[in-house]
2 protein chains.
Amino acid sequence: MKEPPTLSPEALCDALDGWKGQGFTASDCPVRDVIDHLGDKWSTLLLSLLATGPKRFGALRRAVPDISQRMLTQTLRDLQRDGLIEREVFPTKPPSVEYSLSPLGVSLQGPLNALIAWAMDHHNAIRAARARYDEAEAA
Amino acid sequence: MKEPPTLSPEALCDALDGWKGQGFTASDCPVRDVIDHLGDKWSTLLLSLLATGPKRFGALRRAVPDISQRMLTQTLRDLQRDGLIEREVFPTKPPSVEYSLSPLGVSLQGPLNALIAWAMDHHNAIRAARARYDEAEAA
DNA sequence: CCGCATCCATCTGGATACTG
DNA sequence: CAGTATCCAGATGGATGCGG
């Protein structure tokens, strides 16, 4: 590779052209379709947790103390609907439910972890930039 | 590499431990801090557009027909505050303003494009999964 | 041309209480 | 234990009009 800091022009144009309204609306744009969900406040966190192995509902709840039951259920449902995680019910006496990454979900881990790694690497730079900006604005 | 579908356990645990409330709140968690912004409905799109070269305000507006002026300004401000883009004002007769990717913004392109590529690759699979889920639910 | 301010509709997400 | 239902506050985001 030379040094393409950007997506191949064609691919990007495809996405953007479509997105510009030629019958390829926002919800049909692959990029937005995925990124929007990742912005879901809990999705990436749950995905990362499940990447460490299958987990039961209660285990997830405990691992993420400040998620509400409502949001946990809802986010898991959305991830399941997108085929990123799988849900298995065990008919034990008090029924238990286990969630795990699907193959599709596993395949997302690569790109996702790249992003997470970037975030950790550059977090300080971002915070510094914000501090600079806010200070400049105060003046 | 063996086949680490997950972030290094240590790194993930760092992020999650901190996030679990030990003085490393949600807004201080590097992962959420970045991902949340990318979920901003327009951020990734603008970042991708600017990756193709500097653009003026009006050019961005035209390139993204269905963004409101308000959201365009606001998103650009947020990106600028995070140090991902730079803003330069040219004192021409009707003043013009040019936005461009900062070095930090350029460094984000790699991980971001990996994600975009994944989205395009697996978009069909996701849509299929949704269709399956919705159909199963209708029953 | 660029951006801000205001007003207003919608969506997101949390607290709580209740069911199988 | 896992999930649903209801209610409600706050954030998000669009439309419009004004200002430099």
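Sequence lines set the chain letters: A, B, ... in the order given, protein chains first and strands last, and positions in each chain run from 1. The shown structure was predicted, so the numbers you read here are calculated from the model rather than taken from an experiment. Side chains included, hydrogens not; waters and symmetry mates left out as well; all remaining heavy atoms used.
- The CG atom of A:L60 sits 14 Å away from the P atom of D:dC1 (whole-angstrom rounding).
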Nucleotides 10-17 of chain D: protein proximity per nucleotide (B base, S sugar-phosphate only, - neither; heavy atom, under 4.0 Å): ---BBB-B

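- Under the side-chain hydrogen bond (donor to acceptor under 3.5 Å, both in side chains) criterion, A:R132 pairs with no residue at all, not counting sequence neighbours.
- For A:D78, there are no salt bridge (Lys or Arg N to Asp or Glu O under 4.0 Å) partners at least two apart in sequence or on another chain.
- By the side chain to side chain contact (heavy atoms under 4.5 Å, CB included) test, A:D134 pairs with A:E137, B:R81, sequence neighbours left out.
- The overall bend of the helix from C:dC1-D:dG20 to C:dG20-D:dC1, read as the angle between its terminal helix axes built from five base pairs each, is 40° when rounded to 10 degrees.
- With sequence neighbours excluded, the residues that form a side chain to side chain contact (heavy atoms under 4.5 Å, CB included) with B:Q80 are A:Y133, B:R77, B:I85, B:R87.
- Looking only at distances, no side-chain donor or acceptor of B:T75 sits under 3.5 Å from a matching main-chain atom of B:W42.
- D:dC1 atom P lies 10 Å from atom CZ of A:R61, rounded to whole Å.
- With sequence neighbours excluded, the residues forming a ring pair (Phe, Tyr, Trp, His ring centres under 6.0 Å) with A:H122 are A:W118, listed by chain and number.
- A donor-acceptor contact shorter than 3.5 Å links the side chain of A:S102 to the backbone of A:L84.
- Residues from residues 75-88 of chain A with heavy atoms under 4.0 angstrom of DNA chain D, sorted by number: A:R77, A:R87.
- Here the P atom of nucleotide D:dA2 and the CD atom of A:E98 are 10 Å apart, to the nearest Å.
- Annotation: side chain of B:Q109 is in contact with side chain of B:L101 (closest heavy-atom distance under 4.5 Å).
- In this structure, CG on B:L115 lies 5.5 Å from CG on A:L38, to the nearest 0.5 angstrom.
- Between B:H37 and B:D82 the shortest heavy-atom distance is CD2-OD2, 2.8 Å.
- Backbone-only contact: B:Y99 has heavy atoms under 4.0 Å from sugar-phosphate atoms and none from a base.
- By the side chain to side chain contact (heavy atoms under 4.5 Å, CB included) test, A:E88 pairs with A:F90, sequence neighbours left out.
- Take B:K55 and apply the side chain to side chain contact (heavy atoms under 4.5 Å, CB included) test, not counting sequence neighbours, and it matches B:L50, B:T52, B:A59, B:L60.
- Judged as a salt bridge (Lys or Arg N to Asp or Glu O under 4.0 Å), the pairs with a partner in residues 34-53 of chain A (not counting sequence neighbours) are, in order, A:R32-A:D36.
- Put simply, chain A comes within 4.0 Å of DNA chain C, heavy atom to any atom, from C:dG13 to C:dA17, going 5' to 3'.
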